[in-house]
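Just so we're on the same page: letters track the sequence lines, and every chain starts at 1.
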Number of protein chains: 2
Amino acid sequence: MVATTPALSPVKARIVNAALELFAEHGVGGTSLQMIADHINVTKAAVYHQYRTKDEIVLAAAESELARLAAVLDTAAAAGSPDRVREELLIRIVDLAVERRRMESTLLGDPVIVRFFANYQRYRQVMRRLHRMLMGDDAGPRANVRAAMLLAAIGGAVMHPLVSGLDEATMRAELLRLARRFLDLPD
Amino acid sequence: MVATTPALSPVKARIVNAALELFAEHGVGGTSLQMIADHINVTKAAVYHQYRTKDEIVLAAAESELARLAAVLDTAAAAGSPDRVREELLIRIVDLAVERRRMESTLLGDPVIVRFFANYQRYRQVMRRLHRMLMGDDAGPRANVRAAMLLAAIGGAVMHPLVSGLDEATMRAELLRLARRFLDLPD
DNA sequence: GTCTATAGACCGATAGAC
DNA sequence: GTCTATCGGTCTATAGAC
């Protein structure tokens with residue numbers, strides 16, 4: 001178990017969840033505090049009482065999604081052998097991507113957040129752990145490219161126009177099947 | 001050859017290129033007309049003389065990147081047999097992704113643009129053609145997921161923090177190698 | 001914890017001179 | 001084709017009452 005983000009108060013959680021929904025629809029830069037306030041039927045001032053700047057809300061929203069990923073790692077890590085851990089991890093990452101669709105992808109695709117996370121301790125910590133669970137001791141730049149491709153493939157495919165009409169079950173099954181193949185695992 | 005976008009005047013091209021650079025850095029919603037104007041040392045009014053709204057600039061920028069992809073398809077299509085076409089296509093898509101990095105990915109990751117492109121004729125046309133060249137006659141939802149994953153993997157991996165320090169040559173080679181494996185092609 | 005009201009900057013967009 | 005000047009509106013953020 002690694003250090004965890006403290007749970008949000010109910011009021012803050014409402015703000016962060018509203019922010020995530022709006023980010024997914026309008027992008028981070030296209031979402032204003034007024035929109036967030038309207039979405040939960042309070043005034044801007046009430047939002048500012050919880051978070052002092054918009055940046056703090058963006059950070060809290062990004063951390064909230066990061067915490068979901070960290071929780072997935074924790075659960076998978078308890079699966080036993082490295083092989084079973086990796087299998088469990090793939091299943092749960094696919095589930096997370098399908099469930100959260102645009103929220104994960106939009107946040108982690110936003111250039112401002114990408115740049116911020118690149119030097120953000122907690123993010124790097126989670127990514128290192130994820131990388132180790134996926135790739136074992138296969139380190140080095142080539143393993144990094146492979147891990148980046150796999151994560152981008154799962155996260156990005158779910159919001160690709162090519163699959164916009166697809167039912168969730170097929171999506172899940174196919175993502176999982178191809179992810180396994182990508183890692184040279186048996187079907 | 002399919003219908004092409006008419007070439008931009010030099011002035012419009014300057015605006016669109018500035019917009020693309022700024023979108024990659026600040027996101028679409030985080031980029032203002034003032035920023036675009038400043039970036040090419042003119043006033044907002046001069047920009048408005050070329051494009052009547054910000055949306056028109058966003059569209060022109062997205063179409064510009066789409067045109068690059070279409071040009072890649074045209075070049076690859078001339079390679080001969082379906083196998084050689086696919087090989088050429090992979091090489092050039094990887095090159096495009098590495099060269100354009102955040103421009104492609106940010107634009108195609110923006111939720112507003114994703115939603116717009118999903119019903120945009122030219123985009124669907126290019127994607128259909130790309131899909132056919134990649135997957136041959138392998139149609140259906142499962143092939144769609146595979147194509148979406150491959151495109152997302154290539155486009156998304158290049159801007160992933162995991163590979164932020166990596167040199168371009170290794171990046172290109174490894175992306176290409178893994179893309180081939182993903183399609184069951186020989187190394 | 002939520003409100004009303006407001007400050008000051010910046011937004012997209014337009015008018016009209018050169 | 002670019003400029004200055006300006007419009008009305010929205011933005012982030014704050015002050016102060018309840």
Let me spell it out: for each of B/Val42 and A/Thr31, pick the nucleotide of DNA chain D with the closest heavy atom. Which residue's pick is nearer the 5' end?
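Whichever sits nearer the 5' end wins; that is B/Val42.
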Assuming nearest nucleotide by heavy-atom distance, tell me which of A/Thr53 and B/Ser9 is located more 5' along DNA chain D.
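Here B/Ser9 is the residue nearer the 5' end.
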Please determine whether the number of non-hydrogen atoms from other residues, nucleotides or ligands lying under 6.0 Å from atom CZ of A/Arg14 exceeds 12.
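Counting neighbours around CZ of A/Arg14, 12 or fewer heavy atoms of other residues, nucleotides or ligands fall under 6.0 Å, so no.
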Go through residues 17-27 of chain B and report each residue with a non-hydrogen atom lying under 4.0 Å from DNA chain C, sorted by number.
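Per residue number, the list is empty: none.
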Distance check needed: [N] [atom2] versus [X] [atom1], whole Å only.
| X | N | atom1 | atom2 | result |
| --- | --- | --- | --- | --- |
| A/Lys12 | C/dT2 | NZ | P | 13 Å |
| B/Lys54 | C/dT14 | NZ | P | 15 Å |
| A/His49 | C/dT4 | NE2 | C1' | 16 Å |
| B/Leu33 | C/dC11 | CG | C1' | 9 Å |
| A/Asp38 | D/dT10 | CG | C1' | 12 Å |

D/dC3 OP1/OP2 closer than 4.0 Å to side-chain N/O of B/Thr43
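So the side chain of B/Thr43 is within the cut-off, an N or O lying under 4.0 Å from OP1 or OP2 of D/dC3.
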Between A/Ser32 and D/dT10, is there a side-chain N or O to OP1/OP2 distance below 4.0 Å?
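No, no such contact exists.
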Which is more 5' along DNA chain C, the nucleotide nearest A/Ala45 or the one nearest B/Tyr48? Just name the residue.
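Residue closer to the 5' terminus by nearest nucleotide: A/Ala45.
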Along DNA chain C (nearest heavy atom to each residue), the more 5'-positioned of A/Ala46 and B/Gln34
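Final value for this comparison: A/Ala46.
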Taking a hydrophobic cluster as the set of Ile, Leu, Val, Met, Phe, Trp and Tyr residues connected by side-chain heavy atoms closer than 4.5 Å, whether directly or through intermediates, do A/Val28 and B/Val114 fall within one such cluster?
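No, no single cluster joins them.
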What pairs meet the salt bridge (Lys or Arg N to Asp or Glu O under 4.0 Å) rule with one or both residues in residues 137-158 of chain B, with sequence neighbours excluded?
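Found A/Glu174-B/Arg142, B/Arg146-B/Asp184.
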Sequence-distant partners of A/Asp55, side-chain contact (heavy atoms from CB on, under 4.5 Å), two or more places apart:
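side-chain contact (heavy atoms from CB on, under 4.5 Å) list for A/Asp55, sorted by chain: A/Thr53.
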Salt-bridge present (B/Arg172, B/Asp95; N to O < 4.0 Å):
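Between B/Asp95 and B/Arg172 there is a salt bridge, with a charged N closer than 4.0 Å to a carboxylate O.
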With A/Glu88, the side chain to side chain donor-acceptor pair (under 3.5 Å) member among A/Arg92, A/Arg84, A/Arg86
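The single option meeting the side chain to side chain donor-acceptor pair (under 3.5 Å) with A/Glu88 is A/Arg92.
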